[in-house]
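For reference, the structure is listed below as structure tokens.
Computation of the quantities below employed the complete heavy-atom set of this structure, encompassing side-chain atoms and omitting hydrogens, waters and symmetry-equivalent molecules. All ligand and atom numbering here is 1-based and tracks the order in the structure. Since this is a predicted model, take the numbers as computed values, not measurements.
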Amino acid sequence: MPHNIVFSEKALELQAKAREIAEKHVRPLAAKYDKAQEYNYEAARAVAEAGLFKVFVPEEYGGYGAGVLALAMVTEELAKADSGFGVAFAVNALGSFPIILGGTEEQKKRWLPSIANGDKFVAFCLSEKFAGSDAGGLSVTAELDGDEYVIRGEKKWTTNGGVADIYSVFCVTDPTSKSRRISAIEKGTPGFSVKKVEDKMGIRCVPVVETHFDNVRVPKDNLVGGRPGMGFKHAMMTLDCARPGVAAQAVGAAQGALDLAVVYSNRRRQFGKPISSFQMVQKMLADMAMRTEASRWLVYASAAAIDAGDKNVTKGAAMAKCFATDTAMEVATDAVQVFGGYGFMEDYPIAKCFRDAKILQIYEGTNQVQRMVIARNLIKEAEQLSHLEAYIPHEEQCSYEGDKVFTGQD
Ligand code: CAA
């Protein structure tokens, strides 16, 4: 970053399709699926028929190879109508990135075309009960036994679990090393089960579950990448590519809440006038709009850097994720305020926006982890700024005796 942000024709076409599907199949059913905590298969089918799952899959494997920027644009549109459906869509990219970034040619050919067609959904199994932010502290093991790996243990918070057909599972193959391997597991493999479907505060239209692996035997060929020791790096690289996607979900969530708040503030009358005519409400709306727009461009810039093949995209992805998701929470909170007492009631759609926003600051790396990642990168990059040292006086140069002015040229 910074980068030229170019919206390809394909990206704009997919964005327009996503907007249409969002208004036709997502928004009208959002409250229903939220209440029922059920997956919106109707919208997922429409997304598949429109070819939107092809957006993140390379052309050689049946996709459009439209890139992370296009993925962000599509995700934003879907999330604007229902943030939960936004993640139901984007998590397929998260689960596919380990295969796209690290899979062998044979594995890409085996799995990606059916993902691109929307015939198969994907999940990403990294977190565990005792390993959330500390993604290196996994305990699920994969032990080689002949031509198969035997997987044992439990994963926590698997988004799309039960709905997904393919699971990218991060396992420990060498307990003495931090490196983890990834195995792809297909639904129906004996010993693999979904044990607990979580009862959540928000994003209720997409299941989040515990996945259990009770001596699950997977062919050695399912080891993503085929060679040991790359799992942790693949997880980190995957998150670098996926975080602009969750950030785009946040932009959609923020824009969706802002749009509802603006419409309501024009309609709601107090003291004989629409509340949108009051300066304090106007300030809230203006701040919400500025922060949402700033988030959007941060997301676009980080996605464009990934598409351009930048070497270090980690900081940009973390900044977009952190800023956009904090913004979504702030905007959703202020949107409820604009709705006043009605905003607190589930009769109104803004309460759901508020509930849905919270998880954005937690999953795909808490915003505390993002800030740590950003700071670590800033500190590393400071090496390139060493010429500035000359302009910063050392403490002893600012003592009383040193009454001559420090210029940096001395
Ligand atoms: N790309 C490539 N390699 C990377 C990398 C990156 N972005 N970040 C780290 N690595 C490499 C390092 O170079 C290092 O390699 P060596 O061992 O060869 O030196 C190795 O990985 C270990 O790196 P660190 O020492 O930095 O690891 P750490 O343990 O100190 O911290 C962390 C890493 C950033 C905290 C990481 O654990 C992390 O991102 N945690 C958050 C986990 C997370 O985001 N979970 C989300 C789950 S998915 C989800 O929520 C989705 C959903 O439900 C929808």
message: Within the 4.0 Å heavy-atom shell around L94, which atoms of ligand 1 are there?
response: 51 (C)

- prompt: Can the ring centres of Y39 and Y33 be said to be less than 6.0 Å apart?
  reply: no

query: So between S133, A135, G95, whose heavy atom ends up nearest atom 40 (N) of ligand 1?
result: S133

- prompt: Do we see a donor-acceptor contact under 3.5 Å between the side chains of W111 and Q107?
  reply: no

- line: Closest to atom 39 (O) of ligand 1 by heavy-atom distance, out of K233, M372, R243, Q368, is R243

task: Within a distance under 4.0 Å of any heavy atom of G365, pick out the atoms of ligand 1 and give their elements.
output: 43 (C), 44 (O), 45 (N), 46 (C)

- request: Taking only heavy atoms of S127 into account, list the atoms of ligand 1 that are under 4.0 Å away from them.
  value: 47 (C)

message: Can you confirm if the aromatic rings of F339 and F344 lie within a centre distance of less than 6.0 Å?
response: no

L239 neighbourhood, listing ligand 1 atoms whose heavy-atom distance to it stays under 4.0 Å: 43 (C), 44 (O)

- prompt: Heavy atom under 4.0 Å from ligand 1: found in V208's side chain, backbone, both, or neither?
  reply: neither

statement: For T159, the atoms of ligand 1 under 4.0 Å from one of its heavy atoms are 52 (C), 53 (O), 54 (C)

task: Using only heavy-atom distances, determine whether the side chains of H212 and E210 contain a donor-acceptor pair under 3.5 Å.
output: yes

task: Check each atom of ligand 1 against the heavy atoms of F124 and keep those under 4.0 Å away; list them by number with element.
output: 48 (S)

- request: Could you say whether the N/O atoms of Y363 and ligand 1 ever approach to under 3.5 Å?
  value: no

- line: Looking only at non-hydrogen atoms, the one of K315, K321, M237, M236 nearest atom 9 (C) of ligand 1 is M236

- request: Run the numbers for me: atoms of ligand 1, each under 4.0 Å from some heavy atom of D240, listed by number.
  value: 1 (N), 6 (C), 7 (N)

message: Can you tell me how the ring of F213 sits relative to the ring of F192, calling it parallel under 30°, perpendicular over 60° and tilted otherwise?
response: tilted

- request: Report yes or no: do Y64 and E13 form a side-chain donor-acceptor pair below 3.5 Å?
  value: no

statement: Counting heavy atoms under 4.0 Å, the part of T366 that contacts ligand 1 is neither

- prompt: Sub-3.5 Å donor-acceptor pair from the side chain of N160 to the main-chain atoms of V122, do we have one?
  reply: yes

field: Lys/Arg N to Asp/Glu carboxylate O, E20 vs K17, below 4.0 Å
entry: no

message: Below 3.5 Å, N or O to N or O, backbone or side chain included: is there any such pair between D134 and ligand 1?
response: no

Under 3.5 Å: donor-acceptor pair, side chain of K321, backbone of G365: yes

message: Using heavy atoms and a 4.0 Å limit, tell me yes or no: is G132 in contact with ligand 1?
response: yes

query: Should you measure from each heavy atom of V373, which atoms of ligand 1 turn up under 4.0 Å away?
result: 34 (C)

query: Is it the case that E128 and S139 place a side-chain donor and acceptor less than 3.5 Å from each other?
result: yes

